[in-house]
Amino acid sequence: MIKIFPSILSADFSRIIDAVQLVEEAGADGLHIDIMDGHFVPNLTFGPDLVASLKEKSNLLLDVHLMVENARQFINLFAQAGADWISIHAEGAVHLHYDLNLIKEMGKKAGVVLNPATPIHCLTEVITEVDFVLLMTVNPGWGGQEFIPACHQKITRLKNWLQGQQLPIPVEIDGGVKIDNFGELIGDGADIFVVGSGIFNTPDPAQTLRRFQEIAATWENKE
Ligand code: DX5
Ligand code: ZN
């Protein structure tokens, strides 16, 4: 099942709830929330209070992507705030195995994120602890960047590697997903698509999300 998680990073921050309600009503599968600390990435965004507030006002699955140094110190806060999925970067975790289990002990789905330059084999020793893998398909820090072409092949290699081990772990991708490359990215093997500017920076975000859903349905009917 292909899933689409709009990323509020590209929403109008003065009217975030309107953006969330709009994609919820249009049938989004989840909401991607980018947490940046100004250290791990050179940008700042939201804290756990925003997650708690959205949890109260929305029934969407909340997918929290931690782009922070020392992610462990924030896992508890975001879990208590109502995150459903929490992902941490392999590049930032000294004790990745421990941190993934901390997320799962809090009853949340645990994901590992890999930056574009980080090889897939970094997952080898932790893959059995992981509920989903998030591949960055741009360098993290900002919305609205171009998809990095080398990531097409990386998605396929990751998917093949997981299937070869009979591991039904979904592959989520994040960055540069647009209507124009969506079909190709489904073909590459991705399962979950984070889309920021590709939805919110279009004239009619709800209509664009429905267009993504139609393309996904066409691919699912082919299989
Ligand atoms: C980038 C973030 C993404 C961002 C993607 O660091 O992790 O989630 O919102 O934005 P688009 O879809 O515009 O590339
Ligand atoms: Zn993200």
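Just so it is clear, the values below take in all heavy atoms, side chains as well, and ignore hydrogens, waters and symmetry mates. Remember, it's a predicted structure, so these values are computed and weren't measured experimentally. Counting convention: from 1, in listed order, for ligands and their atoms alike.
The Zn ion (ligand 2) is closest to atom OD1 of Asp34 (considering only N, O or S atoms). Per residue His65, closest N, O or S atom to the Zn ion (ligand 2): atom name ND1. Counting just the N/O/S atoms of Asp174, the one with the shortest distance to the Zn ion (ligand 2) is named OD2. The N, O or S atom of His32 with the smallest distance to the Zn ion (ligand 2) is NE2.
The number of heavy atoms from other shown groups lying within 6.0 Å of CD (Gln73) is above 12.
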Let me see the working for Asp191 and Lys159 under salt bridge (charged side-chain N to carboxylate O under 4.0 Å, His left out), right down to the final yes or no. CA-CA 9 Å; Asp191 304 291; Lys159 190 69 182 183; 2.8 Å; yes

Apply side-chain contact (heavy atoms from CB on, under 4.5 Å) to Leu66 and Val64, showing your working. CA-CA 6 Å; Leu66 295 180; Val64 171; 3.8 Å; yes

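Each of the following atoms of ligand 1 lies closer than 4.0 Å to a heavy atom of Met136: 7 (O). Within the listing of ligand 1, atoms 2 (C), 3 (C), 4 (C), 7 (O), 8 (O), 9 (O) sit less than 4.0 angstrom from a heavy atom of Asp34. Close contacts of ligand 1 with His32, meaning ligand atoms under 4.0 Å from a residue heavy atom, involve 8 (O). Which parts of ligand 1 touch Gly175 is read off a 4.0 Å heavy-atom cut-off, strictly below it: atoms 14 (O). Interface atoms of ligand 1 facing Leu9, defined by a heavy-atom separation under 4.0 Å, are 4 (C), 9 (O). Residue contact check: Val194 has heavy atoms under 4.0 Å from atoms 8 (O) of ligand 1.
For atom 5 (C) of ligand 1, the nearest non-hydrogen atom of the protein is Asp174 OD1, 3.5 Å.
Under the 3.5 Å distance criterion, with hydrogens and angles disregarded, a donor-acceptor pair is assigned to the side chains of Asp34 and Ser7.
Considering each of Gly196, Gly176, Gly143, Gly141, the one bringing a non-hydrogen atom nearest atom 14 (O) of ligand 1 is Gly176.
A 4.5 Å side-chain heavy-atom check between Thr202 and Asp204 finds every atom pair outside the cut-off. Looking at Leu123 and Leu114, their side chains come closer than 4.5 Å, going by heavy atoms from C-beta outward.
Close to ligand 1: Trp142, with a non-hydrogen atom less than 4.0 angstrom away. Using a 4.0 angstrom heavy-atom cutoff, Lys178 does not count as in contact with ligand 1.
Ring geometry, Phe182 versus Phe212: the interplanar angle exceeds 60°, so the pair is classed perpendicular (tilted spans 30 to 60°). Note on ring orientation: taking the six-membered ring where Trp is involved, the planes of Phe40 and His89 are tilted (angle from 30° to 60°).
Using a 4.0 Å cut-off between heavy atoms, Ser7 contacts ligand 1 through its side chain alone, with no backbone atom that close.
Of the candidates Lys108, Lys109, Lys55, Lys55 is the only one forming a side-chain hydrogen bond (donor to acceptor under 3.5 Å, both in side chains) with Asp84.
Taking NE2 of His121 as the start and CD1 of Ile127 as the end, the distance is 13.5 Å to the nearest 0.5 Å.
Checking side-chain atoms of Thr137 against main-chain N and O of Gly175 turns up a donor-acceptor pair under 3.5 Å.
Checking only distances, Ser197 does come within under 3.5 Å of ligand 1, N or O to N or O. Considering backbone and side-chain N/O of Pro140, none are found under 3.5 Å from N/O of ligand 1.
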